[in-house]
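Encoded as structure tokens, the structure appears first; notes follow it.
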There are 2 protein chains.
Amino acid sequence: MKDILYKYMSRWTSLNEEEQQAIMDEIHIEHFKKGTVLFKQGDAPTKCYFILKGCVRQYSIDEEGREITSNFYTEEQAIAIFNHHKPDKRSDYTYTCVEDTVMVVGDLETEQDMYNKHPQLETMTRMMIEENLGQVQEEFAAFIAASPEERFKTLQMKRPSLVDRVPQHQLASYLGMTPESLSRIKKRIHQDPR
Amino acid sequence: MKDILYKYMSRWTSLNEEEQQAIMDEIHIEHFKKGTVLFKQGDAPTKCYFILKGCVRQYSIDEEGREITSNFYTEEQAIAIFNHHKPDKRSDYTYTCVEDTVMVVGDLETEQDMYNKHPQLETMTRMMIEENLGQVQEEFAAFIAASPEERFKTLQMKRPSLVDRVPQHQLASYLGMTPESLSRIKKRIHQDPR
DNA sequence: CTCGTCTCTTGACTTAAGTCAATGCACGTA
DNA sequence: TACGTGCATTGACTTAAGTCAAGAGACGAG
């Protein structure tokens, strides 16, 4: 199953035997049951993850006690919390498995050591994060300009499977609307799909 | 003026003389007049920027020919386009100076060479981008859950000077609303500032 | 299999933001 | 200084999404 990770990594760089081994030593694959909480809002994360199979939801609780879903991570996406700018390094979000999920789990403690030993790895990580940043900026820009209805249509285009995999009220929150609105938008599109 | 850059960099790592010199050799400071276009939607960027003084707007043109502003970069923010996932490496956005702007300009061509010579630099860049990603994710999450009025109030809190520095119709677009709505929201807040 | 809970849908009503249009103001240019 | 363009404001009206509430359906626990 680790070959999925290697395939993903090979998009940026080719690693030699030694580097591959270094990764093998530091990571392991774990299975998580649906509903498992990876870590909670307020915890300081010590791990990072790469999803091989499954789906993880990122959410926080607002002042009125409502869950705000701010991301869904699926196959071939990395989950890493970047809190360098926060003094206490605590996560603002809770991460929980929407389905049974298989992930590569890496240890943040030994991260810098590995980079020092294998600069190639750091280059790869840097590029992965750069791509990630580019994608988030792009998503954000698209989100700003779109109405709730357009946002749903865009999601249907870009991540069609997500619409089926995820509870609708969570999806609604992720799209910045109420569950009622999402229900009506789906109905509207069904009646008059342009 | 380069000391602003060094000060910023020193938040992550301390560089030795040689590394500082390497940076000096590769970057230079440029002054841009208000209205200058750094590069256009559809161009493949060859530079990256770090703002010492001034403000740069990122926008694109939608199907109806309207300008959608998706970001404002100000002092101590970096502008780098990450298009690894795009086959043609072209930018989706146009970047233009909202004010007279002073920036550090770096060359993307020699980037990887520099990292190879000075791994310390790559570590620093990686961390800067990680912080950047964390911030964008945070902004995005906040944007999703907020109404237009709340988004304006948040911006007033977090980047108060931006509200004065930037034309209102551009600000409105950045906040995902029409200029008319922004005008009314400002009026509403003024009358009943809670 | 049944109960209870949670989720989704639907309806009636409210409200904030969008649209269209007119006016007034500020600014740069000639 | 006077003009013209573009931006901000305001008004009247429309509309999509939010809110509140009720009912139907799905699902898991026992």
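Chain A is the first sequence line, chain B the second, and so forth, proteins listed ahead of strands; every chain is numbered from 1. Keep in mind the model is a prediction, meaning the values are calculated, not measured.
Counting non-hydrogen atoms under 4.0 angstrom, A:Pro167 reaches the backbone sugars and phosphates but no base.
Here the C1' atom of nucleotide C:dT7 and the CD atom of A:Gln170 are 11 Å apart, to the nearest Å. Taking atom CE of residue B:Met177 and atom C1' of nucleotide D:dT15, one finds them 18 Å apart after rounding to whole Å. For the pair A:Arg188 CZ and D:dA17 C1', the computed distance is 8 Å after rounding to whole Å. Atom CD1 of B:Ile189 is separated from atom P of C:dA16 by 13 Å (rounded to the nearest Å). For A:Lys187 and C:dT10, the NZ to C1' distance is 6 Å, given to the nearest whole Å. Between the CG atom of B:Leu171 and the C1' atom of D:dA8 there is a distance of 13 Å, given to the nearest Å. Rounded to whole Å, atom C1' of D:dG23 lies 14 Å from atom CD of A:Glu180. Atom pair A:His169:NE2 and D:dA17:P shows a separation of 20 Å (rounding to whole Å applied).
Between the side chain of A:Arg151 and the backbone N or O of A:Ala146, at least one donor-acceptor pair lies under 3.5 Å. A donor-acceptor pair under 3.5 Å is formed between the side chain of B:Asn16 and the backbone N or O of B:Glu18.
A residue-by-residue look at B:Leu182 and B:Lys34 shows that B:Leu182 has its nearest nucleotide of DNA chain C further toward the 5' end. For the pair A:Thr178 and B:Gln168, nearest-nucleotide mapping onto DNA chain D gives the more 5' position to B:Gln168.
Aromatic rings of B:Phe140 and A:Phe143 (six-membered ring for Trp) have centroids within the 6.0 Å cut-off, being under it. A distance of 6.0 Å or more separates the ring centres of A:Tyr49 and A:Tyr95.
Candidate nucleotides C:dA17, D:dA17, C:dT10 were compared by shortest atom distance to the side chain of A:Ser181, and D:dA17 ranks first. Listed nucleotides: C:dG11, D:dA17, C:dC8. Nearest to the side chain of A:Arg184: C:dG11.
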